[in-house]
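Note sheet for the following structure.
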Amino acid sequence: MDLSYTPEERAFRAEAREWLRAHVPAEPLPSLETEEGFAAHRDWEAELAAGRWSVVSWPERYGGRGADIFRWLLFEEEYYAAGAPGRVSQNGINLLAPTLFDHATEEQRARVLPSMATGEVIWAQAWSEPGSGSDLASLTSRAVRTSGGWLLSGQKTWSSRAAFADRAFGIFRTGPETDPARPHRGLTYLMFDLRAPGVTVRPIGRLDGKPAFAELFLDEVFVPDEDVIGEPGQGWRIAMSTTGNERGLMLRSPGRFLAAADRLVRLWRAGGEDRGLRDRVADAVVGARAYQLFTAGGAARFASGAAIGAESSLNKVFWSEYDIALHETALDLLGDEAESADGEWGEGYVFSLAGPIYAGTNEIQRDIIAERLLGLPKGRR
Amino acid sequence: MDLSYTPEERAFRAEAREWLRAHVPAEPLPSLETEEGFAAHRDWEAELAAGRWSVVSWPERYGGRGADIFRWLLFEEEYYAAGAPGRVSQNGINLLAPTLFDHATEEQRARVLPSMATGEVIWAQAWSEPGSGSDLASLTSRAVRTSGGWLLSGQKTWSSRAAFADRAFGIFRTGPETDPARPHRGLTYLMFDLRAPGVTVRPIGRLDGKPAFAELFLDEVFVPDEDVIGEPGQGWRIAMSTTGNERGLMLRSPGRFLAAADRLVRLWRAGGEDRGLRDRVADAVVGARAYQLFTAGGAARFASGAAIGAESSLNKVFWSEYDIALHETALDLLGDEAESADGEWGEGYVFSLAGPIYAGTNEIQRDIIAERLLGLPKGRR
Amino acid sequence: MRFLATREQRDFARSLDAMLTAARTPTAIRAWAAGDPSPGRALWSRLAEVGVFALAVPEPYEGMGPLPVELATAFVELGRHGMPGPVVETVAASALLAELARRGEDGPAKRLLPGIAMGGTIATLPPAVGGPGYALDADVADLVLAVRGDELWLAPGHEGVRASADPARRLALPAPGGELLAAGPAVTAAVAQAGGWAVLATAAQSLGVGLTLLDRTVAYAKERRQFGTEIGSFQAVKHRLADTLIALEFARPLLFGAALTFESADLAAAKVTAGEAACTAARTALQIHGAIGYTEELDLSLWLRKARPLRDAWGTPSWCRARVLDAYDGGS
Amino acid sequence: MRFLATREQRDFARSLDAMLTAARTPTAIRAWAAGDPSPGRALWSRLAEVGVFALAVPEPYEGMGPLPVELATAFVELGRHGMPGPVVETVAASALLAELARRGEDGPAKRLLPGIAMGGTIATLPPAVGGPGYALDADVADLVLAVRGDELWLAPGHEGVRASADPARRLALPAPGGELLAAGPAVTAAVAQAGGWAVLATAAQSLGVGLTLLDRTVAYAKERRQFGTEIGSFQAVKHRLADTLIALEFARPLLFGAALTFESADLAAAKVTAGEAACTAARTALQIHGAIGYTEELDLSLWLRKARPLRDAWGTPSWCRARVLDAYDGGS
């Protein structure tokens, strides 16, 4: 058991640190949930890609560095420690790309990945539907066979980044009408253009009013066969197979929380080290370290060939609750100035509130932990 | 709406305070969960009764003062503020007596209540059975008809105080074998002698080893008809009718927590007002005040003729969690001396841990709150 | 001791509830946030007609007060309906002027209190303790007061408006200068008295906000189906809602107890408890609604965003807890 | 970086687990509490045979150390099985003597360390920081050390035994006087080093206690039926157990991270997190077991009563959190 880095890893870290020091914008970019900020973040993706830092864990031929999971974690630590901008490409990089690596054709990868790496194409996810939040298997949006492709119709919602993104991916019903006994059957994984005829994007404001996601109304939107991933009808299996892999470790990287805890300690010290909040500040430091080490252990298991299964639910509940607690501590340190806080603390708090809801609510995650990790009987929930 | 006391109430309070000042033992009695302490607490009950302070809310003919609920609350505040001993008679006074007032014959009341008031007879409850904790309706101990009475057989458990008490009360199955559809039918409410032939009392040590409750093994224990309360077969209804009355307000009196919060503030101040624990100490003060005022409102509704229904579940969850939090704060104030704390903080903590379990677990109480007060659908739990 | 609302108090609450329900406050809240205070002002006048802004104003100045229990009653309803505007600050201003008058300085009261009591004057002032000194909604108010040391000033308007986490709250500093209204120890005492009223009103508003968040979430949990059943039948959902009800129902007696005693520790206890309960209700409401609750277009957001600013306004939880212990001198 | 137990480390844990399972520790724990340490001493010897007490002892003194990762591994098992006795204190004593030797004062090490490493000597000493100065189980120990200022003393036994919340922990002050073993700055440094080992071992023991509390409660929840079903199918029960698992599984990497870095902040972080997680597990275990869990006769009580004393021993949560921030100088 060890926590040391190889000379190569240390060199990689140093290279990343140096590049970031030279390139990270001195002033924070405008919020990526605004049109102006989205464009600025897209430019930043291009700059990252030019330095070959946008997708370090991908093979070189798609714009990456072939970094293993340890280097990816190191890069993330440096990235957040440098105060670099949020990643507007994250839906594509974290959700779609792993699926492409596992299930797409080489032609698809070569076509889709490079423009994702440069930020030329920004991807939105299109999973949820108004009646299907946590209960994804009850999706009803359909893809109907047509000459050379499919016609998508229906409604998607909570599509993050879709207000300003270029393309989207999701699963659609292609099989027979929903069979209540087997709702996971007959779903197909597709990519489509958000500017194609028949697509209407209606931005939805989140709590702070920013259009962090959108509704998509789809009316016979044509999708060529080349944009189907895997076999038609296998969409559920394909979508689920990527949620069970390293995504559980990559949904929120430890670097983000190490950097946030660092900012919190600075805020606490700047305010005179309020003894009444000391324990919560310490818990933020401890929690970031725990998450870093938990992830290091998961990465080591992953690297040794183990699958990341239901334990990603431990990870999800932990970071989402940690993130809210950290921001609440920051706002309490700000006291009656919290109301007018924006940026890292104010917007960060609003963002953190989504954590326990999205990517599988924490209630569902706790059910999974209880049933799959502790072996408790399935209940009616 | 008001919080003021009448001159008569103030006089009553002053009389109680003066009597307590003159009579409360200067040194704490030994724990009432020991044989020696039990005897000392029984003597204290006799002393209280001699001053007519043991059952202030009862009619004078049974040893009380006919005090209304407001005076009862005032008395309790004074009682705990004076640091007076715990009440070894509380099972009889809080659980059996209300049932006797509502459902017993005048002969039964005249026979049972006076000796309860003086502590001459100490009562234990005998509700739970090994297979029936929260699920009381599934009781299987039986009372079989015999000449002039009933023969009790079966096993009861978690019988508080039974290690040293004189008599017990509980419900027993007298109807046909359990009908799974109607488990509440065919139960009968009885009183019996813990020293009668056929009774075996096996004390059970709680976490700190003290025999705070016992198992009762019953083998054809004779109970005369005169010790059946209400109609045979109506035991469930009788037992439940008293849990829905003012008992919800009387299970823990606010005076107890006002006094405990007071001791906590003194502990905090004596230790130099640790700023890191200030908020939790303040919350103990606030919580005691909230509970006092919540109870005052409930008492006012009760006095104006309203029933105390499911809202007693709010009360139960609140005080039981409050009590643990208060003791945990005290132990944290004691720091590494907490391990060797006994008396009010050490034994009090162990006692508080039972709060969320007994008298209906807090899980059941939250189900009741959700279903009866919020109208949420019944689930499978 | 009858710690129960009287019939009149219950009727008062019910009539406010009916009026505010009929007025569809969400429209007024959204307009207020968008910079159009006219629907809010119309509501303000109707509240004044039934006496809401006269409750801290003594009779000689067209008031009905002081009636703190009725004020708490009214502010629970204002919170329940999300009434926008400097309602707390207007009450605080009226209490400040009334206390000044009681201490012999009745010039400002004579001149300004009738307008407040009758609803023609929307007043504001910065909280007396700590904070950046913003006067809520100073851009809309007719009267901006400022306390500088032991001097009370009528400010000549406000400086630039700053955003709050709740878009229906608009933050601005009083402009410097203006007219000196009073000075000396009477001002200091009156500011303290005004703080008590503001704490009470804010606590009541918080409780109301929490009650609405709970009500709407319970209603949603009964309707929304996932996995083939109403989500309100899941025990995790039920227990979280039960805990939220407990938090609110134990804040309520503290609120009315504080209105009756008006003691500093009781006021602070009510404020911290109601403020935290409303925040608990907000977290519960958001989690149980899920993504739909995270949108500004659902009216739920109007209450969600109010919980935390109210918790911190006119005394943060830390400040309140310190007050509770400062004044503590033994139980009962 | 491979932050994973090696095969040898896993085998070591498994063999300790097997040995302690076969030894039926509950009997030894109950005997220890009742004043009969002989079954506990027998177990002690078997632990020594597989090297548990040699892990903080350098090779020249019959040790195998320092091997902090292996020590943490072993102490998780000791906690899981509720091993009674001053196991932490014996390790702390051995680390103290080893550090003294490293700083040139090797007399006491030569004389005392082999006995500790081989299992013949049960040692104890009071925690270095704060507290009433009790040396755990001094009435049973063969060697009672006492640090007085910068002097290390061999105490001539102990004073009267005081009860702990855990009856298997016996508290006593070292008797005054005795033999001076060493003095000066080396003692101070060695005491600090011993504290680090004690913090690590206590954190590991806490984690083990928490794991057993969770395991036994999960097993009970699968068996116990109420309302016609296993209580483990109730969502409230499931979620509480899930939260307990999360608390324990995030304490585990902190523990082994601290064993690897041996930095003060990491050690303190592991201690507070494992200690709190064990207390969470205790509350969960008690609540889900219900009344049966509240009895001393169920073996569960042997772990329930250990969680809180271990949380506070060798550094309360408050002390640990202070250490975390004292040493903090930025992330990663």
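Throughout, protein chains are lettered first and strands after them, A, B, ... in sequence-line order, and every chain is numbered starting at 1. These values consider heavy atoms only, across backbone and side chains, with no hydrogens, waters or symmetry-generated copies.
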For this session: Could you tell me whether a side-chain N or O of R162(C) sits under 3.5 Å from a main-chain N or O of S340(A), the two making a donor and an acceptor?
Result: yes
Problem set entry | L331(A), part contacting chain C, at a heavy-atom distance under 4.5 Å | both
Seminar exercise, completed: Test side-chain contact (heavy atoms from CB on, under 4.5 Å), reference L207(A), set T295(C), D166(C), L304(C), output is L304(C)
Exercise. Less than 4.0 Å between a side-chain N and a carboxylate O, is that true for E328(A) and R283(C)?
Worked result: yes
Problem set entry | Pairs involving residues 345-356 of chain A, ordered by first then second residue, that meet salt bridge (Lys or Arg N to Asp or Glu O under 4.0 Å) (sequence neighbours left out) | R206(A)-E347(A), K210(A)-E347(A)
Exercise. Are E363(A) and Q226(C) side-chain neighbours, meaning at least one heavy-atom pair lies under 4.5 Å?
Worked result: no
Problem set entry | Side chains of F227(C) and I364(A) in contact at under 4.5 Å (non-hydrogen atoms) | yes
Exercise. Any ion pair linking R202(A) and E297(C) (charged N to carboxylate O, less than 4.0 Å)?
Worked result: yes
Exercise. Has E35(A) got more than 12 heavy atoms of other residues, nucleotides or ligands less than 6.0 Å from its CD?
Worked result: no
For this session: To the nearest 0.5 Å, tell me how far E339(A) CD sits from L310(C) CG.
Result: 8.0 Å
Exercise. Residues two or more places apart in sequence or in another chain: which of them pass side-chain contact (heavy atoms from CB on, under 4.5 Å) with T157(A)?
Worked result: S128(A), P130(A), I204(A), E215(A)
Problem set entry | Under-4.0 Å salt bridge between R311(C) and D332(A) | yes
Exercise. Which one, A291(C), P132(C), S301(C), G290(C), leads in non-hydrogen pairs under 4.5 Å with chain A?
Worked result: A291(C)
For this session: Indicate yes or no for a side-chain donor-acceptor contact from Y134(C) to the backbone of E337(A) under 3.5 Å, with no hydrogens or angles considered.
Result: no
Exercise. Side chains of D336(A) and P127(C): closer than 4.5 Å at any heavy-atom pair?
Worked result: no
Exercise. So which residues of residues 205-213 of chain C are in contact with chain A at a heavy-atom cut-off of under 4.5 Å?
Worked result: none
Problem set entry | Heavy-atom contact with chain C under 4.5 Å, split by part of A354(A) | both
Exercise. Contact part of R240(C) toward chain A, heavy-atom cut-off under 4.5 Å: side chain, backbone, both or neither?
Worked result: side chain
Problem set entry | Members of residues 167-174 of chain C whose heavy atoms come closer than 4.5 Å to chain A | R169(C), L171(C)
